[in-house]
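The structure appears below as structure tokens.
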Number of protein chains: 2
Amino acid sequence: MKTNDALKLDNQLCFPLYAASREIIKLYHVPLSRLGLTYTQYITMMVLWEEKHINVKELGKRLFLDSGTLTPLLKSLENQGYITRTRSSEDERVLVVELTAQGKKLKSKASNIPYEVGACVNLSPEEAGELYRLLYLLLNNISDT
Amino acid sequence: MKTNDALKLDNQLCFPLYAASREIIKLYHVPLSRLGLTYTQYITMMVLWEEKHINVKELGKRLFLDSGTLTPLLKSLENQGYITRTRSSEDERVLVVELTAQGKKLKSKASNIPYEVGACVNLSPEEAGELYRLLYLLLNNISDT
DNA sequence: TACAATTTAATTGTAACCAATCAAATGATT
DNA sequence: AATCATTTGATTGGTTACAATTAAATTGTA
């Protein structure tokens with residue numbers, strides 16, 4: 001690559017990552033709005049559908065988000081009746097997040113969303129798999145830094 | 001994949017895309033803060049370093065952003081003295097964005113940033129190239145929708 | 001020419017994001 | 001026990017992001 005070209009938008013790896021991320025998240029807008037969820041709230045619920053209960057720190061590690069983002073988001077999910085926020089009795093610093101019955105029920109309402117969105121993305125299984133592999137390679141790579 | 005697994009975070013293609021995008025953008029924070037730029041302001045300047053002048057609509061197409069994001073961002077770049085915002089005389093609806101002398105000079109100050117950030121990303125050239133290809137495949141694919 | 005439709009940015013309102021800081025609880029050291 | 005350091009979430013402040021709407025200019029058409 002010519003020295004001067006390093007600042008060209010088309011030569012950045014970060015830019016298509018950033019743009020594709022936002023464009024895909026937009027695809028979630030319509031199906032998620034039917035549930036009253038944002039994308040970030042949705043992936044938070046995903047973790048809870050797997051974990052049943054988790055504290056803010058662990059949740060942040062899973063989602064690569066900090067309390068500055070999670071605290072208001074979790075309060076919103078609490079207001080919507082999907083989760084409870086409780087201080088741990090063993091360690092009052094730790095806030096434990098748990099699903100309510102309504103939060104558990106939401107999972108079945110969301111079950112078709114991955115397929116709905118997936119239908120808009122016409123990558124072959126091989127391409128999707130390779131993209132998945134490279135994204136996690138990158139993600140793990142950066143986390144070490 | 002088992003039917004129930006479609007809602008697992010680890011089975012989403014979107015999530016590592018979203019997370020990796022944010023993690024990489026964070027790498028830009030330190031070098032960009034030396035210039036007083038955010039990441040979005042930086043990629044906007046990149047387009048201008050290539051194009052010299054461009055209107056908001058075309059800029060939005062390049063960056064996959066709309067006027068709701070760009071209007072305040074461009075006002076900020078204008079306040080910092082890097083660009084001018086002028087209505088086109090042929091069509092008063094169109095706002096033309098151009099670099100100031102200071103905006104042009106900023107390019108040389110930014111010239112090392114791609115290398116600084118690239119040094120934190122240890123993908124092989126082959127992996128980076130393949131990731132780049134797949135991301136644009138995905139991006140073009142979604143844009144058609 | 002009228003005037004409806006379209007185009008272009010700007011605005012509004014909501015929700016992320018995150019750097020930086022703070023406050024409270026806990027742990028470690030003496 | 002007293003004090004310092006660490007951990008955990010919450011808060012603050014500034015900047016995106018984007019859906020939805022608005023306002024103004026332009027274009028198309030009767």
Side-chain angles (χ1 to χ4, degrees), chain A residues 15 18-45 54-61 63-80 83 85-97 142, chain B residues 15 18-45 54-61 63-80 83 85-97 142:
Chain A
F15 174 67
Y18 163 74
S21 166
R22 287 183 298 109
E23 290 299 306
I24 285 216
I25 287 174
K26 277 188 211 169
L27 297 179
Y28 284 87
H29 180 75
V30 169
L32 283 177
S33 68
R34 290 197 286 260
L35 307 184
L37 292 180
T38 64
Y39 180 75
T40 317
Q41 289 169 4
Y42 170 64
I43 60 177
T44 301
M45 292 302 291
I54 194 170
N55 65 49
V56 173
K57 185 183 176 171
E58 289 304 312
L59 188 57
K61 269 192 210 162
L63 300 178
F64 296 84
L65 291 169
D66 68 8
S67 67
T69 302
L70 288 174
T71 295
L73 185 144
L74 292 171
K75 284 180 179 175
S76 163
L77 287 176
E78 185 182 42
N79 286 336
Q80 293 176 75
I83 65 164
R85 298 163 64 249
T86 325
R87 292 281 162 186
S88 162
S89 50
E90 296 106 54
D91 186 340
E92 288 283 336
R93 290 170 305 183
V94 175
L95 187 134
V96 179
V97 180
I142 300 168
Chain B
F15 174 67
Y18 164 74
S21 166
R22 287 182 297 109
E23 290 300 305
I24 286 216
I25 288 174
K26 276 188 212 169
L27 297 179
Y28 285 87
H29 180 76
V30 169
L32 283 178
S33 68
R34 290 198 286 262
L35 307 184
L37 292 181
T38 65
Y39 180 74
T40 317
Q41 290 169 4
Y42 170 63
I43 59 176
T44 301
M45 292 301 291
I54 193 169
N55 64 49
V56 173
K57 185 185 175 167
E58 289 304 314
L59 188 57
K61 269 192 210 162
L63 299 177
F64 296 84
L65 291 169
D66 68 8
S67 66
T69 302
L70 289 174
T71 296
L73 185 145
L74 292 171
K75 284 179 180 174
S76 163
L77 287 176
E78 185 182 41
N79 286 337
Q80 292 176 75
I83 64 164
R85 298 164 65 249
T86 326
R87 291 281 161 186
S88 162
S89 50
E90 296 106 53
D91 187 340
E92 287 283 338
R93 291 171 303 183
V94 175
L95 187 136
V96 179
V97 180
I142 299 169

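Keep in mind it's a predicted model, so treat the numbers as computed, not measured. Throughout, a chain's letter reflects where its sequence line sits, starting with A, and its residues are numbered from 1.
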Under 4.0 angstrom between B:R22 side-chain N/O and D:dT16 OP1 or OP2: no
Set of residues satisfying salt bridge (charged side-chain N to carboxylate O under 4.0 Å, His left out) with respect to A:D66, sequence neighbours excluded: none
Distance in angstrom units between A:E23 CD and D:dA17 C1', rounded: 11 Å
I'd like a list of close polar pairs between nucleotides 20-26 of chain D and the protein, N/O only, cut-off under 3.5 Å.
{"residue": "D:dT26", "atom": "OP1", "partner": "B:E92", "partner atom": "N", "Å": "3.1"}

For atom CG of A:L95 and atom P of D:dT7, their distance in whole Å: 19 Å
Close side-chain approach of A:L77 and A:L37, heavy atoms under 4.5 Å: yes
Nearest-angstrom distance from the residue atom CG of B:L37 to C1' of D:dG14: 15 Å
5′-ward residue of the pair B:K57/B:K75 relative to DNA chain C: B:K57
Sugar-phosphate only, base, or nothing, as touched by A:L65 at under 4.0 Å among non-hydrogen atoms: sugar-phosphate
Boundaries of the DNA chain C segment in contact with chain A, non-hydrogen, under 4.0 Å: C:dA15 to C:dT26
Contacts of A:R87 that satisfy salt bridge (charged side-chain N to carboxylate O under 4.0 Å, His left out) - sequence neighbours left out: none
B:E78/B:K75 salt bridge by N-O under 4.0 Å criterion: no
Residue pair A:L74 / A:L59, side-chain heavy-atom distance below 4.5 Å: yes
Rounded distance (Å) that lies between atom P of D:dG9 and atom CG of A:L74: 10 Å
A:F64 versus B:R22, closest heavy-atom pair with distance: O-NH1, 2.8 Å
B:L59 CG to D:dA17 P, straight-line distance once rounded to whole Å: 13 Å
Touch class at under 4.0 angstrom, heavy-atom based, for B:T40 against every strand present: sugar-phosphate
Value in whole Å for how far the C1' atom of D:dC18 lies from OH of A:Y28: 18 Å
Under 3.5 Å donor-acceptor, A:S33 side chain and A:H29 backbone: yes
Sugar-phosphate, base or nothing in reach of B:T38, heavy atoms under 4.0 Å: sugar-phosphate
Of the listed nucleotides D:dC18, D:dG9, D:dT15, the one nearest the side chain of A:T71: D:dG9
Base-pairing mate for D:dA30 - Watson-Crick or G-U, with both contacts under 3.5 Å: C:dT1
Distance below 4.0 Å between A:Y18 side-chain N/O and D:dA17 OP1 or OP2: yes
All salt bridge (charged side-chain N to carboxylate O under 4.0 Å, His left out) counterparts of B:E92, not counting sequence neighbours: none
Sugar-phosphate only, base, or nothing, as touched by A:L70 at under 4.0 Å among non-hydrogen atoms: nothing
Closest-nucleotide 5' rank along DNA chain D - winner of A:T69 and A:K26: A:T69
Heavy-atom check, side chain of B:R34 versus side chain of B:V30, under 4.5 Å: yes
Residue list, ring pair (Phe, Tyr, Trp, His ring centres under 6.0 Å) with B:Y18, at least two apart or on another chain: A:Y39
